[in-house]
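Labels below follow one simple rule: chain letters A, B, ... track the order of the sequence lines, proteins then strands, and each chain is numbered from 1.
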Amino acid sequence: MNPSYSSTRVRFAPSPTGFLHVGGARTALFSWLFARHAGGAFVLRIEDTDFERSSADMVTGILEGLRWLGMDWDEGPFYQSQRLDLYAKAAAALLETGHAYHCFCTREELEQRRASATEAGSVPRYDGRCRGISRAEAARRLEQGERAVVRFVVPRDGATTFEDAVFGPMEFSNAELEDFVLLRSDGIPTYHLSVVVDDLDMRMTHIIRGADHLSNTPKQVLLYQALGASLPVFAHLPLILGPDKTRLSKRHGATSVMAYKEMGIVPEAFRNFLALLGWSPGDAAKRPDGPDREIFSTDELIQMFSLDGIAHSNAVFNNEKLAWYNTEYIRAYDPTRLLPLIEDEWRQVQYQPSRGREEILTTIALLQPRARSLKDFSSAFLAYFGDEFSMDDAAVKKYLADSSVRHMLAELGHRYAAVETYTEASTEELLRAFAAEKGIKAGALINGARVVLTGQAVAPSLFAVMLCLGQQRVVRRLEAANNVTAV
RNA sequence: GGCGCUAUCGUCUAGGGGUUAGGACGUGAGAUUCUCAAUCUUAAAACACGGGUUCGAUUCCCGUUAGCGCUACCA
């Protein structure tokens, strides 16, 4: 079968009650990878039925995060808040078929019963007392303005089963479930109703979501059955944990995807890292000799992805490994691809390079092996792109504390001014001869010059830096060596 | 508490009835010497515990423990 004709349909259905967080991003990524692998559709649906906590800004942020990670969607975004009539209709149908009933218990009553049940050491579960209310009576009470929710009739006994594509066969005793709410008293659907109705309406074939929904699934399975629909494939993803092995949350620091952009992470690195968090290509990553593969292009990820490779256990988010991916990606980029990302960083700090595009490109190439983040290009590396940069205090202290070194560097600047063929070799030759003449170790001069030239203690080979900067800048900066003072 | 899920180096993981249990990140040591956050070499580091099944379990089964999740008129 031609995969492009596949009817596979997968959705990502975030709730806009927060930014796109790491866990959500991975769910989206796995769903997207799965859809692309199958040649199916990837649908975006915003689950904004919690009006109190949802906001349009959050939707914007989520879409921004998705785009940043390079995930495109084929349909949507659909908003549940605009599909309310659909859920109401479904609830009415369920009411009609006896799968649901009106419950007039107030929140206060419910809370009270819950509290006393907990106190008595029993499980707080709705007892279904309003099931017995006849439809006629319910209609009358509604007529009189009484508020009611619509609850689902969960079978008292038996079990609900389904097959999870990740965890295998699942069985939940119905006695563990309560008659959950379908429609709130204001007519807004609850999560269980809206997901099922939408997944059905949107003809989803696979439901890929976090394992925190595993225990909710039997309720939804019951709903599918009551609606006379067949089940989609459920695939639950193990959760992502913080370093302390509790579920990743704000107190673990960066949890919003965009925070990683702000840290100078490149999207491909983040995506590669995320893809391998809770999923593994297995033997496909093996190489006959040498280490297993860790770096995969998007196309490779799409081609290799399968539900079988999804782990069953939770994974701790490892910042160090992400940082490693970032350096790998930054290093491997073609400078022309890196440039726009760097320009974006420059814009953010309102920096204007004073060098031409070609020079900038070769400079990037020089710096790439040492960059750990995009941020380096808008901070530590600024001395390479223009003449506005600051000195690293520690570097100055370490290599320029001695005033005689500063004097020598200034003098060295004069010498460079007179050089006719300015090359990597000639600059080195001159410096070493100069050091010999002054009776100082070349290394001391080199380290000092590095700081004067770049403001940093760490840089590429000094003479490569000199060539990159060009004769004029080198002369100017060296001649100003005496003005350098540690703050 | 009830229900569910899970358990291989510190972390991400491969593997699977008989292996020197493989790789990556990180960490340690060494090399290089013009710096290191670059590079190269190298080392340490794991099958949670207890019972089965079996000639043989890290692998299969059960239990224990631990962790996580769910248990709302949130999603």
With a 4.0 Å cut-off on heavy atoms, is [X] in touch with a base, just the backbone sugar-phosphate, or nothing at all?
X: A:A211; result: sugar-phosphate
X: A:Y325; result: nothing
X: A:G278; result: sugar-phosphate
X: A:V316; result: sugar-phosphate
X: A:T49; result: sugar-phosphate

Looking only at side-chain atoms of [X], point me to the closest of [options].
X: A:L277; options: B:C25, B:C12, B:A37; answer: B:C12
X: A:R372; options: B:A38, B:C12, B:G15; answer: B:A38
X: A:K219; options: B:C12, B:U71, B:U35; answer: B:U71
X: A:V181; options: B:C73, B:A37, B:A75; answer: B:C73
X: A:A315; options: B:U13, B:C68, B:A75; answer: B:U13
X: A:R107; options: B:C73, B:A75, B:G23; answer: B:C73
X: A:N318; options: B:G10, B:G26, B:G23; answer: B:G10
X: A:V458; options: B:A37, B:C74, B:C68; answer: B:A37
X: A:N314; options: B:C74, B:C68, B:A14; answer: B:C68
X: A:V149; options: B:A14, B:U11, B:C73; answer: B:C73

Could you tell me how far [M] sits from [N] if I compare only their [atom1] atoms? Round to whole Å.
N: B:C49; M: B:A66; atom1: C1'; value: 10 Å
N: B:C55; M: B:A45; atom1: C1'; value: 33 Å
N: B:U59; M: B:G4; atom1: C1'; value: 24 Å
N: B:U8; M: B:G2; atom1: P; value: 25 Å
N: B:U20; M: B:C9; atom1: C1'; value: 16 Å
N: B:A24; M: B:U39; atom1: P; value: 14 Å
N: B:G52; M: B:A46; atom1: P; value: 27 Å
N: B:G17; M: B:A72; atom1: C1'; value: 47 Å

Carboxylate-amine/guanidinium contact [X] [Y], below 4.0 Å:
X: A:R107; Y: A:E111; value: no
X: A:D198; Y: A:R83; value: yes
X: A:R45; Y: A:E47; value: yes

Tell me which nucleotide, if any, is Watson-Crick or G-U wobble paired with [N] when both distances must be under 3.5 Å.
N: B:U59; answer: none
N: B:U19; answer: none
N: B:A72; answer: none
N: B:A14; answer: none
N: B:G67; answer: B:C5
N: B:G26; answer: none
N: B:U33; answer: none

Is there a donor and acceptor pair, one atom on the side chain of [X] and one on the base of [N], closer than 3.5 Å?
X: A:S185; N: B:C73; answer: yes
X: A:R247; N: B:C68; answer: no
X: A:N216; N: B:A75; answer: yes

Distance below 4.0 Å between [X] side-chain N/O and [N] OP1 or OP2:
X: A:R114; N: B:C73; value: yes
X: A:K286; N: B:G15; value: no
X: A:S461; N: B:U35; value: no
X: A:R151; N: B:C73; value: yes
X: A:S15; N: B:C74; value: no
X: A:H312; N: B:C5; value: no
X: A:R184; N: B:C74; value: yes

Subject >> A:R331 or A:F463, whichever maps to the more 5' nucleotide of RNA chain B >> reply: A:F463
Subject >> Closest-nucleotide ordering on RNA chain B, the 5'-leading residue of A:A457 and A:W324 >> reply: A:W324
Original post:
Between A:R151 and A:Y126, is NZ or CZ placed under 6.0 angstrom from the six-membered ring centre and within 45° of the ring axis?
Top reply: yes
Using a distance-only test with no angle check, is there a side-chain donor-acceptor pair under 3.5 angstrom linking [X] and [Y]?
X: A:S404; Y: A:D402; result: yes
X: A:N216; Y: A:Y191; result: no
X: A:T217; Y: A:H236; result: yes

**OP:** For a side-chain hydrogen bond (donor to acceptor under 3.5 Å, both in side chains) with A:D179, tell me which candidate from A:R129, A:R131, A:R125, A:R156 qualifies.
**Re:** A:R131
